[in-house]
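Bear in mind that the values here come from a model prediction, so they are computed numbers and not experimental data. A, B, ... follow the sequence lines: proteins, then strands. Residue 1 opens every chain.
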Amino acid sequence: METQTHRIEGPVRVRFAPSPTGFLHIGGLRTALYNFLFARKHDGQFILRIEDTDQERYVPGAEEDIIESLRWAGLTYDEGPDVGGPCGPYRQSERKELYQQYAKQLVEAGYAYYAFDTPEELEEMRRRLQQSGNPSPKYDAITRMSMRNSLTLPAKEVERLLAEGVPYVIRLKVPRRETIRFYDLIRGWVSFESSEIDDQVLIKSDGMPTYHMANVVDDHLMGITHVIRGEEWLSSTPKHVLLYRYLGWEIPQMAHLPLILSPKGGKLSKRNADELGIPVLVHQYRELGYEPEALVNYLAFLGWNPGTEQEVFTLEELIEAFSLDRVRPAAVQFSLDKLKWYNQQFIRRMSVEELARKAMPYLKKHGIEVDEAYVQKVAALMQERITFVEELATFCRFFYEDPTTYEEKGVRKRWKENSAELVRAYADRLEQLEEFTAETAERVLRELAEERGVKAAEIIHPTRLAISGLSFGPSLFEMMEVIGKEACVRRLRRAAEVLG
RNA sequence: GCCGCGUUCGUCUAGGGGUCUAGGACGCCGGUCUUUCAAGCCGGUAACACGGGUUCAAAUCCCGUACGCGGCACCA
């Protein structure tokens, strides 16, 4: 049978449905982002739903992390556990009865059944089948007839077991031979043989639904029109198709996003990413000082592109440009280099006021106490030279305090025999200046060079070392103006003394 | 192993039968500018996985192979 998903009338409703079994992963953020962009693009609603049906893997704090991370990234949702909405509750653990009700409906209609097999019995069945040459044993149309379930047990026995409270699960009765086809917005028609699918558990023995059951029920009840999720769900989609059909519901449009791979090509798991030094959790990026706009922009381009040459987009621009049919089906490799480039791009697009404001917490963190007006001057000189806002503190200490060391390589290359004397002479002249600016500092230096018959560079380079302790950095004279006459003179004299 | 999905420069990608001697971006390399370092500008490096078809013509369509990834739980 062919199952066409068709366009549902009315506004677009999409959801991001993470499970609080861990902190938000960048792959999760990308999925959330595409859902968000799609919803905003079509003036629809974006919903956050927490899929916490696995009580064993529940990680405390995960839900908070997901919510905080989405907020940080600017992906606001219209309905969710913390903001409410007309289709709540938005936490699956709070909707338990709902799933049971629909599961019972499926049982009554003959599309699902009770199964009383213990884990040991299931294990035994798999072992038996494997021994008889079946490489992938399944609880399916054939094996279910030799198991303990409401299809094989007498009705009275089933009633008795249920009444006695014997643990049971509810399984989907997957048809024996049928081709299940569905249309994926990103991949086109995809088909699976029902014989490859096992009788999926819908309700676990603890009464909680499995993902498959909860997902289908909630997507329907919440009016989800487009299911946009990771490719790892593609092969369980036929089960969902069956569920929609048996429940008599319309199937939302499906779109399975390409997976994000590690830069080496494998799965971007926490473990192998840690080995490569790649953060995978959204909060790590926040802590490392990445701009949320940069991460979002980069993630948007992982699997999608606007078809134009524009690469830097604000969230608003992404919304405008986004479309699912420009999402590619192939898995993509994550690259920190490109992300850093985006970060640099966003820093350069900030005003110096904004940049300085963002730098303040970092300065505090590094024990530097200066006022924001001063930081703005630093920001103006450094904006084009930094990749992270934090570098306004770490890379720029010389703007805030005298250097205590001098870069060895720079000294070797730039500090000559006559440097100490020239630098002292320069300091003396600067001290006399009434108006200390980049222009006057430069003029005085060039005059001195001319008088001494040396190239300006012979004073410039040692001066840079004396002022900043480094052989590279922003425009020397502008830097000196920011640092001020008194400090410059002091630093020049000190360097002459220390470096000889 | 079985099933599914995928495959254009190292990476992200454009392209969807002729306009492709395959374009852009990141990275890398060189040049230029400059007091240095960045940035900018200019230039370079580098790809249609392979094999068969179809066609006057294929990166583009079809089939196969290889490789990669995903799934095969009372996890999501």
Original post:
Between the base of B/rC5 and the side chain of A/R187, is there any donor-acceptor pair under 3.5 Å?
Top reply: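 A donor-acceptor contact between them is absent.
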**OP:** Using only heavy-atom distances, decide whether a donor-acceptor pair under 3.5 angstrom links the side-chain of A/S136 to the base of B/rC2.
**Re:**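 Looking at the base of B/rC2, it does not pair with any donor or acceptor on the side chain of A/S136 (distance under 3.5 Å).
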**OP:** Tell me whether the OP1 or OP2 atom of B/rU35 has a side-chain N or O from A/R414 closer than 4.0 Å.
**Re:**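 Checking B/rU35 against A/R414, no side-chain N or O comes under 4.0 Å of OP1 or OP2.
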**OP:** Return no unless some side-chain N or O of A/S475 is found under 4.0 Å from OP1 or OP2 of B/rU36.
**Re:**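 False: A/S475 side-chain N/O out of range (4.0 Å or more) of B/rU36 OP1/OP2.
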Is any side-chain N of the basic residue among [X] and [Y] closer than 4.0 Å to the acidic one's carboxylate O?
X	Y	result
A/E458	A/K455	no
A/E231	A/R187	yes
A/E408	A/R412	yes
A/E421	A/R452	yes
A/E291	A/R349	no
A/R429	A/E447	no

Hey, are [Y] and [X] close enough side-chain-wise for a donor-acceptor pair under 3.5 Å?
X	Y	value
A/D325	A/S323	yes
A/D218	A/Y90	no
A/R326	A/N305	yes

Looking for any heavy atom pair under 4.0 Å, which part of the strands does [X] touch: base, sugar-phosphate only, or nothing?
X	result
A/T463	nothing
A/V169	base
A/L234	sugar-phosphate
A/T21	nothing

**OP:** Taking the six-membered ring of A/Y34 (Phe, Tyr or Trp), confirm whether the NZ or CZ of A/R30 is under 6.0 Å from its centre and within 45° of its axis.
**Re:**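 Satisfied, under 6.0 Å and within 45°.
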[N] versus [M] - spacing of their [atom1] atoms, nearest Å:
N	M	atom1	result
B/rC62	B/rG23	P	25 Å
B/rG70	B/rG64	C1'	22 Å
B/rU65	B/rG24	C1'	33 Å
B/rG27	B/rG68	P	30 Å
B/rC50	B/rA66	C1'	7 Å
B/rA14	B/rC74	C1'	47 Å
B/rC28	B/rA46	C1'	10 Å

Subject >> A/L259 or A/D52, whichever maps to the more 5' nucleotide of RNA chain B >> reply: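 Whichever sits nearer the 5' end wins; that is A/L259.
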Subject >> Pairwise 5' ranking along RNA chain B for A/P137 and A/E232, keeping only the more 5' one >> reply: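 Upstream on the strand: A/E232.
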Tell me the interatomic distance from [X], atom [atom1], to [N], atom [atom2], rounded to whole angstroms.
X	N	atom1	atom2	answer
A/F192	B/rC3	CZ	P	12 Å
A/L336	B/rA25	CG	P	21 Å
A/R181	B/rG4	CZ	P	13 Å
A/Q92	B/rC75	CD	C1'	13 Å
A/D198	B/rC3	CG	P	16 Å
A/F388	B/rA38	CZ	P	17 Å
A/L257	B/rA76	CG	P	20 Å
A/Y426	B/rU35	OH	C1'	11 Å

**OP:** Check step by step if ring pair (Phe, Tyr, Trp, His ring centres under 6.0 Å) holds for A/W415 and A/Y406.
**Re:** CA-CA 10 Å; A/W415 194 269; A/Y406 300 95; 7.5 Å; no
Original post:
How are the rings of A/H212 and A/W233 set to each other: parallel, tilted or perpendicular (split at 30° and 60°)?
Top reply: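 Aromatic pair A/H212/A/W233 classed perpendicular.
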**OP:** Kindly assign one of parallel, tilted or perpendicular to the pair A/H240 and A/Y211, based on the angle between their ring planes and the thresholds 30° and 60°.
**Re:**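 A/H240 vs A/Y211 ring planes: tilted.
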Produce the list of close N/O pairs, under 3.5 Å, pairing protein atoms with atoms of nucleotides 9-14 of chain B; give distances to one decimal.
unit_1, atom_1, unit_2, atom_2, d
B/rC12, OP1, A/Q333, N, 2.8
B/rC12, O2', A/F301, O, 3.0
B/rU13, OP1, A/G303, N, 2.5
B/rU13, O3', A/N305, ND2, 2.7
B/rA14, OP1, A/N305, ND2, 2.6
B/rA14, OP2, A/R328, NH1, 2.9

Original post:
Paired with B/rC5 by Watson-Crick or G-U wobble geometry, both distances under 3.5 Å: which nucleotide is it?
Top reply: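 Partner of B/rC5: B/rG68.
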**OP:** Tell me which residues in residues 111-132 of chain A put a heavy atom below 4.0 Å from RNA chain B, sorted by number, or none.
**Re:**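 Heavy-atom contacts with RNA chain B come from A/D117, A/P119, A/L122, A/R126.
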Give me the distances for all protein-to-nucleotides 43-45 of chain B N/O pairs that come in under 3.5 Å?
none

